[in-house]
Trainee: 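Quick one: structure below, then a few questions.
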2 protein chains.
Amino acid sequence: MPENPSPREQDAWRGLVLTAQLLEATLDRQLQQLEGIPHAYYGILIALFEQPEHRARMSDVAQRLRFSQSRLTHAVRRLEDQGLVERVQGDGDRRVVTVGLTHEGLQLIRRAAPKQAAEVRRKLLARLAPEQVEQLAEITAVLLEGLEEGWR
Amino acid sequence: MPENPSPREQDAWRGLVLTAQLLEATLDRQLQQLEGIPHAYYGILIALFEQPEHRARMSDVAQRLRFSQSRLTHAVRRLEDQGLVERVQGDGDRRVVTVGLTHEGLQLIRRAAPKQAAEVRRKLLARLAPEQVEQLAEITAVLLEGLEEGWR
DNA sequence: ACGGAATAGTTGAGGGTTCAAGTATGTTGT
DNA sequence: ACAACATACTTGAACCCTCAACTATTCCGT
């Protein structure tokens, strides 16, 4: 028998959902304005940037970002159109496609990342007490577990 | 001079962003499957449900949900097509449009809401310790402040 | 070695969101 | 009274994501 949520749980839940929506929307608008790409695409560039030689297999990127393959394919096509990323043919398994940052993509990251990080810190993280940062890291880790496992 | 984020801040930040993305995606998939509407539209129905007579002005709904007017217009059109919602002409100011739940919309809420709440509780909130729920409510309240004020 | 299943990625259609522009109505200052 | 501005909402195009096929390649059991 599922017990009803407590009022405080409702507060937390509503806060979380609203935060999730607003956070995505805000980051999206910001990056779209500054760099002409949506936040999700910025995530792709960052993920590549963190990889050795700034490149990785499609499916690895997809898994890391929790993108569907289809979504990633579409996204990479657009990023390629903008010259930020390029597809490289792998030597071995001919099914795999490797994506890498172009020079232009690399420049975008170098330009945008510090600004982005500072902005986030100034407007969001800095408002939290140090122990709240700690708590947030904990809490999101737990929630992610719950979100990862199939759910349905 | 913006100080660099601490490693723990990065954990919190990454966790938050991933949680936000995954949460939206998960709720979306769930409601799309069960009720044939995206999570955002479910939010509209809930917002109306909580209003006296289950109806409200377009702009009030938009403000409460942080939707753009355009987004809400499109959304309401589709919800109307599905018979879940109806536009009512206001008596006074002829610019305002009032949206109300139809009988069918009301039924959908009554059917879906308890299931939805239980699911959320079981898969997410129940994993958190009571003090973490408290902390999450606190933290999201702070973050929402930061997200509300223009940002740029 | 061969047929079937699994894996990697792509494609196209359909739906949702954004952004800029547009319509209609109300309010305000003079 | 009237022009200028503001408010409430709508429209259409461009873009992004999802979902369900589909292609191409590799793996596996016999």
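Every chain is numbered from 1 and lettered A, B, ... according to where its sequence line falls, protein lines coming before strand lines.
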Trainee: Before giving the answer on side-chain contact (heavy atoms from CB on, under 4.5 Å), spell out for A:Thr19 and B:Ile139 the whole-Å C-alpha distance, their side-chain angles and the decisive distance to 0.1 Å.
Mentor: CA-CA 10 Å; A:Thr19 301; B:Ile139 290 170; over 6 Å; no

Trainee: Just by distance, do the side chain of A:His54 and the backbone of A:Leu101 share a donor-acceptor pair under 3.5 Å?
Mentor: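 Side chain of A:His54 to backbone of A:Leu101, a donor-acceptor pair under 3.5 Å: no, none is there.
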
Trainee: Looking across every strand, which nucleic acid part, if any, lies under 4.0 Å from A:Ala40 by heavy atom: base, sugar-phosphate, or nothing?
Mentor: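 Sugar-phosphate, no base atom in range.
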
Trainee: So, is A:Ser59 near the phosphate of C:dG9, with a side-chain N or O under 4.0 Å from OP1 or OP2?
Mentor: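 Indeed, a polar side-chain atom of A:Ser59 lies that close.
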
Trainee: Compare the minimum distances between each of C:dT18, C:dG9, D:dC9 and the side chain of A:Gln69, then state the nucleotide with the smallest one.
Mentor: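 Comparing C:dT18, C:dG9, D:dC9 against the side chain of A:Gln69, the answer is C:dG9.
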
Trainee: Can a side chain N or O of A:Arg87 be found less than 4.0 Å away from OP1 or OP2 on C:dT10?
Mentor: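 Checking A:Arg87 against C:dT10: at least one side-chain N or O falls below 4.0 Å of OP1 or OP2.
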
Trainee: Counting any heavy atom closer than 4.0 Å, what does B:Arg57 reach on the DNA or RNA strands: base, sugar-phosphate only, or nothing?
Mentor: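 Here B:Arg57 touches the backbone only, sparing every base.
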
Trainee: Quick check for you: among C:dG9, C:dG16, C:dG26, whose closest atom lies nearest to any side-chain atom of B:Pro38?
Mentor: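 Side chain of B:Pro38 sits closest to C:dG16.
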
Trainee: Go through the steps for B:Glu104 and B:Gln82 under the test side chain to side chain donor-acceptor pair (under 3.5 Å), then give the verdict.
Mentor: CA-CA 9 Å; B:Glu104 222 186 313; B:Gln82 300 181 57; over 6 Å; no

Trainee: Using a cut-off of strictly less than 4.0 Å, decide whether A:Arg94 has a side-chain nitrogen or oxygen near OP1 or OP2 of D:dT26.
Mentor: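 Yes, because at least one side-chain N or O of A:Arg94 sits under 4.0 Å from OP1 or OP2 of D:dT26.
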
Trainee: Answer with base, sugar-phosphate or nothing: what part of the nucleic acid does A:Tyr41 contact at a heavy-atom distance below 4.0 Å?
Mentor: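 Contact class for A:Tyr41: sugar-phosphate only.
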
Trainee: If only side-chain N and O atoms count, and only distance matters, is there a donor-acceptor pair under 3.5 Å linking A:Arg71 with A:His74?
Mentor: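 No, because no side-chain N or O of A:His74 sits under 3.5 Å from a partner of the opposite role on A:Arg71.
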
Trainee: Check the pair B:Arg77, B:Glu80 against salt bridge (Lys or Arg N to Asp or Glu O under 4.0 Å), reporting the backbone distance first and the verdict last.
Mentor: CA-CA 5 Å; B:Arg77 179 169 49 66; B:Glu80 212 173 11; over 6 Å; no

Trainee: Where the side chain of A:Ser70 is concerned, which of C:dT11, C:dT18, D:dT26 is the nearest nucleotide?
Mentor: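 Given the options C:dT11, C:dT18, D:dT26, the side chain of A:Ser70 is closest to C:dT11.
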
Trainee: Using a heavy-atom cut-off of 4.0 Å across all strands, would you classify A:Thr73 as base, sugar-phosphate, or nothing?
Mentor: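 Base contact.
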
Trainee: Measure from CE on A:Met58 to P on D:dT25 and round the result to the nearest Å.
Mentor: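 Atom-to-atom, A:Met58 to D:dT25, this comes out as 16 Å.
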
Trainee: Roughly, in whole Å, what's the span from CG in A:Leu72 to P in D:dC16?
Mentor: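 Rounded to the whole Å, the gap is 14 Å.
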
Trainee: OP1, OP2 of C:dG16 versus side-chain N and O of B:Arg78: anything below 4.0 Å?
Mentor: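 So the side-chain polar atoms of B:Arg78 do come within 4.0 Å of the phosphate oxygens OP1 or OP2 of C:dG16, strictly under.
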
Trainee: Distance check needed: C:dT17 C1' versus A:Gln21 CD, whole Å only.
Mentor: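 Atom-to-atom, A:Gln21 to C:dT17, this comes out as 13 Å.
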
Trainee: With nearest nucleotide decided by heavy atoms, which residue, A:Arg95 or B:Ala75, maps closer to the 5′ end of DNA chain C?
Mentor: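 In this pair, the answer is A:Arg95.
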
Trainee: Does A:Thr98 or A:His74 map to a spot on DNA chain C nearer the 5' end, using the closest nucleotide for each?
Mentor: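 That would be A:Thr98.
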
Trainee: For the pair made of CD in B:Gln32 and P in C:dG16, what is the distance, rounded to whole Å?
Mentor: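 In whole Å, C:dG16 P lies 7 Å from B:Gln32 CD.
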
Trainee: Nearest whole angstrom, please: distance from the P of D:dC17 to the CG of B:Leu31.
Mentor: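 Distance check: B:Leu31 CG to D:dC17 P gives 20 Å.
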
